[in-house]
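A quick write-up on the structure given underneath.
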Amino acid sequence: MKINENFLKIQNNYLFSDIAKKVAAYKEANPSADLIRLGIGDVTRPLPEAVTEAMKKAVEEQETVEGFRGYPPEYGYDFLRSAINRNDYAARGVSLSDDEIFVSDGAKSDCGNIGDIFSVDNLVAVCDPLYPVYVDTNVMADRSGVLQNGLWSNFHYMPCTAENGFLPQIPDKKVDIIYLCFPNNPTGMSITKEELAKWVAYANANDSLILYDAAYEAYITSEDVPHSIFEIEGAKSCAIEFKSFSKTAGFTGARCAYTVVPHELKRGGVELNALWGRRQATKFNGVSYITQRGAEAVYSEQGKQQVRANIAYYQNNAKVIADGLRKAGFTVYGGVDSPYIWLRTPDDLTSWEFFDLLLHKVQVVGTPGSGFGPSGEGYFRLTSFGDSEKTREAVARIVSVFSD
Ligand code: PLP
């Protein structure tokens, strides 16, 4: 028996465990320290009441012979696929059929598993910095080559820094699979329809495939920023889209997401929709009825209002962080169409030096940008998912030190 040695090549992403270790050591040395954590990428507001009410009702149905549900359909119940279609697509002028929508337990699993339906022999393009799942799953699948100075030899990297407005540059050669994430984690920056249309044109001209991660779509406030890549003409023949109820409606624990694979998307004469359907039917057994009823309730009138209130809460935190830090002289990005604030570290500090400084001087925990890729060096990520009072307090502490 031989293991898949590609797993050994993956550099354990020590980022969050390194942070945890440093925080634990600081806590031990300073037991009374009042730490504020603005590093987490998890939501803190409870599930909307409309969602929990729908879930409770679904639980009660399970107590009756008539209402009991066994295995769910692998691709999602019709009621949820159609609610997604009506609210997230038809309402935005995008025409899809329900069977182009695959309900799942997370955008993370779908972004990671989608590689199953592609040959190993594909040139993959990724942004730097990035959500690490895109790279690590391609390393597992043997598409990466070897690691040199923090970058894999077979990937095409697209640095996203202040110099290019955090927008990846369209490759000057043919690449096969392109991971795009907008609004972006970690930079918090978004892409306009006009810019995204250039990617769609490139992908169609080169027979490339765009894997579009729109997990943070619900945070978009700018008019010219698309909520779906399928708002761009021509995207159905070159893109797969990932969306999630996690950051939209607080489902990080409940688990529900979906992936759109249009019928128009074909390679080698084969519909990718059919391949993904085959993959899911073989390796995935669906999301629970209770969870899917909860997700459906996100689209009820009450659900929509409650979701909007939660998002507004986080958006307000984002504004407090961005405005406060700007006033203190920081250069701040993101936070407008996204829950993430991406700031330049002051005085040419490295990302980790700035992490240590914030921890030791003001007891605020964030995430070093270099943990998301080499081009994240010199940047730092703060999130708006915390408690609003604590967020204000954290900003006041940082400002008190840096306005001097
Ligand atoms: N995609 C991005 C860019 C993310 O940042 C995250 C979570 O942090 C996910 C996907 C995962 O979403 P889910 O909770 O649906 O698995």
For residues 88-95, tabulate all N or O donor-acceptor pairs below 3.5 Å that involve a side-chain atom, not counting sequence neighbours.
from  : atom 1 : to     : atom 2 : distance (Å)
Asp88 : OD2    : Tyr258 : OH     : 2.7
Asp88 : OD2    : Tyr299 : OH     : 2.7
Tyr89 : OH     : Glu241 : OE2    : 2.5
Arg92 : NH2    : His227 : ND1    : 3.3

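- The closest side-chain donor-acceptor pair between His360 and Asn30, if any, does not fall under 3.5 angstrom.
- A salt bridge is defined here as a Lys NZ or Arg NE, NH1 or NH2 lying under 4.0 Å from an Asp or Glu carboxylate O, and Glu53 with Lys57 fails to meet this definition.
- Screening Leu275, Ile117, Asp110, Asp116 for a side chain to side chain contact (heavy atoms under 4.5 Å, CB included) with Gln280, the sole residue that qualifies is Asp110.
- Looking only at distances, no side-chain donor or acceptor of Asn164 sits under 3.5 Å from a matching main-chain atom of Gln169.
- Side-chain contact of Ser119 with Asp121: a donor-acceptor pair under 3.5 Å is absent, judged by distance alone.
- Between Phe155 and Tyr134, the distance from one ring center to the other does not fall under 6.0 angstrom.
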*Apply the test side chain to side chain contact (heavy atoms under 4.5 Å, CB included) to residues Val260 and Phe230: give CA-CA distance (whole Å), side-chain angles for both, the deciding distance (0.1 Å), then the verdict.*
CA-CA 10 Å; Val260 176; Phe230 301 118; 3.5 Å; yes
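- Exactly one residue among Phe354, Tyr340, Trp342 makes a ring-ring contact (aromatic ring centres under 6.0 Å, His included) with Phe380. That residue is Phe354.
- Ring geometry, Phe245 versus Phe251: the interplanar angle falls from 30° to 60°, so the pair is classed tilted.
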*Using the side chain to side chain contact (heavy atoms under 4.5 Å, CB included) rule, take Val126 and Tyr157 through it: C-alpha gap first, then chi angles, then the decisive distance, then the call.*
CA-CA 5 Å; Val126 289; Tyr157 283 94; 3.7 Å; yes
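- Residues Tyr77 and Arg293 are not in side-chain contact: their nearest non-hydrogen atoms beyond the backbone lie 4.5 Å or more apart.
- For the salt bridge (Lys or Arg N to Asp or Glu O under 4.0 Å) with Lys193, the qualifying choice from Glu231, Glu233, Glu223 is Glu231, the only one to do so.
- Between Trp276 and Ile114, some side-chain heavy-atom pair lies under the 4.5 Å cut-off.
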*Starting from the C-alpha separation in whole Å, work towards a yes-or-no answer on side chain to side chain contact (heavy atoms under 4.5 Å, CB included) for Phe372 and Thr367.*
CA-CA 9 Å; Phe372 300 99; Thr367 312; 3.6 Å; yes
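- Closest approach of Ile341 and Ala318 over heavy atoms only: CD1-O, 3.4 Å.
- Counting heavy atoms from C-beta on, the side chains of Asn310 and Val43 never come closer than 4.5 Å.
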*asked:* I'd like to know whether Asp34 forms a side chain to side chain contact (heavy atoms under 4.5 Å, CB included) with Gln363, so could you lay out the CA-CA distance, the side-chain angles of the two residues, the decisive distance to 0.1 Å, and finally the verdict.
replied: CA-CA 7 Å; Asp34 174 21; Gln363 292 78 49; 6.0 Å; no
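- When every heavy atom of Ser351 is checked against every heavy atom of Pro368, the shortest pair comes out as CB-CB, 3.6 Å.
- Here the closest heavy-atom approach between residue Phe79 and residue Gln292 is recorded as CE1-O, 3.6 Å.
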